[in-house]
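Input: a single structure, listed below in structure tokens.
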Amino acid sequence: MLTDTDKKILELMKERLLVNKEEIARLLGANGNGMDTSFQRLAEMGYIEKVESLGTCFVITQTGIRALKS
């Protein structure tokens, strides 16, 4: 089951496709409370993937997009 924070993170990732944790925190107005836990939970469920190129970013997966629709 997704929490409200999980859903908000997935929605933002769906709109922007490639984001880092700092950008999500700024967009949510969060100060980091529960963000790491949400990212870990979403990654374990296969809803997001970590991408490393110039820095560590995250992308939403097809499974994550489908989870938002249900």
Would you please test Phe39 and Ile48 for side chain to side chain contact (heavy atoms under 4.5 Å, CB included) and show each step?
-> CA-CA 8 Å; Phe39 270 86; Ile48 63 173; 3.6 Å; yes
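The salt bridge (charged side-chain N to carboxylate O under 4.0 Å, His left out) pairs that include a residue from residues 44-53 number zero, where partners must be two or more places apart or lie in different chains.
Minimum interatomic distance between Ala67 and Tyr47 (heavy atoms only, all atoms of both residues): CB-CZ, 3.6 Å.
Residues Leu42 and Ile60 have side chains not in contact (no heavy-atom distance under 4.5 Å, counting atoms from C-beta outward). Inter-residue side-chain proximity for Arg66 and Thr63 is flagged as met; some heavy-atom pair is nearer than 4.5 Å.
Atom CG of Asp6 is separated from atom OG1 of Thr3 by 3.0 Å, given to the nearest 0.5 angstrom. Rounding to the nearest 0.5 Å gives a distance of 9.0 Å between CG of Leu28 and OG of Ser38.
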Using atom types as modelled, flag every donor-acceptor pair under 3.5 Å from a side chain in residues 9-21 to any protein atom, sequence neighbours excluded.
residue : atom : partner : partner atom : Å
Asn20   : OD1  : Glu22   : N            : 3.3
Asn20   : OD1  : Glu23   : N            : 2.7
Lys21   : NZ   : Asp36   : OD1          : 3.0

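Grouping the Ile, Leu, Val, Met, Phe, Trp and Tyr side chains by contacts below 4.5 angstrom, directly or via other members, places Val59 apart from Met45.
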